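This report concerns only the one structure given below.
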Amino acid sequence: MSNEKILVTQPLLPPLEEFIPYLEKIWESKWLTNNGQFHQQLEQALCTYLGVKHICLFSNGTLALITALQALRITGEVITTPFSFVATTHALWWNNIKPVFADIEPHTYNLDPEKVEAAITPNTTAIMPVHVYGNPCKLEAFQQIADTYNLKLIYDAAHAFGVEVNGQSVLNFGDLSVLSFHATKVFNTFEGGAIVCHDEKMKRHIDDLKNFGFRGETTVIAPGINAKMNELQAAFGLLQLKYIDEAREKRKQIAETYREELAGIKGIHCLNDLPNTKHAYSYFPILVEEHEFGMSRDELYAKLKENNIFSRRYFYPLISNFPTYRGLTSANRDNLPVANNIAEKVLCLPIYSSLSHKHVSEVINILKASTK
Ligand SMILES: Cc1ncc(COP(=O)(O)O)c(C=O)c1O
């Protein structure tokens, strides 16, 4: 048993002394929020790092999602996935939009474009897929559906920091993409988030919306909200960017070790890397097939916990099974067989850049010792 608690993730924290000069600058400027120097610098730095044209920083990813829907004036019904963090659907609810759940693909756990097409009604206005665990959705298929039916396409890209397909950021697809920089994410600003958009006009609109709708000192163009990222968050983001490549490489190595070592265990299935894709390695999900493995997912979860290893059952329960949403017709289990099946079997193992080899081995050894 591990003497230390091994959590599913730990935040990337650069050396504290390197943060002090940023704090000194904030104190000197006396400018704490509202598009300050670090906010501006982080926007530029992220555009370059991520390979995107425009980015609007937010105080968190949920407010960015809510604002993205406002920016595109989405109403009516939006087709989305039940296999995500609950904020994806909550953002629709907060906009008075009816979520319509469609099932996911068995091999990527992402929203299935065919199921989306079948769920379109005259009230559908948009599709909101999630790049779950950072695995890119079927980008072209979704764009084709959006074009054919004249729908908006908003990606919840909370897990997809730095993810590329054929050398192109996934954030450049769809009308808008939303990132989360929450402490648990690959790149974090304690709390934080962003919307990626493709033109200057939309950037300005979103920037207005996240600042109460103000354009200039005395004009309010829309009922905006307060969702601005502050200078402490932005400064921390700038410092963190210096360490991000190293951190991503470490995550990749851990994922490779898990894959190699778990390959021989009957009843444990890992998600494969997708072709021509630069992954984020945000999470390391496995599927536990009880009959082959000899233990259910929940039994394995409990056994890891007894050994001080805190894996997480992301994303269980499915969003469609929470009381707020389970009354919707589309939330019926018969409509979502794949998502319900995956949610019963999935377990996310610890992965973060400072996770030691010793701890990775401890996790692997418990899995090996648990098989029948
Ligand atoms: C898929 C997904 N969407 C949205 C969010 C919400 O982001 P935040 O926590 O930054 O509000 C998260 C995670 O936290 C998430 O995992």
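None of the values given here were measured: they were computed from a predicted structure. Every number for a ligand or one of its atoms is a count from 1 in the order of the listing.
For the residue pair N341 and K345, a side-chain donor N or O sits within less than 3.5 Å of a side-chain acceptor on the partner. Side chains of T184 and H182: a donor-acceptor N/O pair is present below 3.5 angstrom, by distance only.
Classified by interplanar angle (parallel below 30°, tilted 30° to 60°, perpendicular above 60°), the ring pair Y49/F161 is parallel.
Screening I74, I66, L65 for a side-chain contact (heavy atoms from CB on, under 4.5 Å) involving N95 leaves a single residue, I66. Exactly one residue among E344, M295, E299, R297 makes a side-chain contact (heavy atoms from CB on, under 4.5 Å) with V288. That residue is R297.
For ligand 1, the protein residues within 4.0 angstrom (heavy atoms only) are N60, G61, T62, L65, S84, F85, A87, T88, V130, D156, A158, H159, S180, H182, K185, G192.
With rounding to the nearest 0.5 Å, the separation of CG in N34 from CG in N230 is 10.0 Å.
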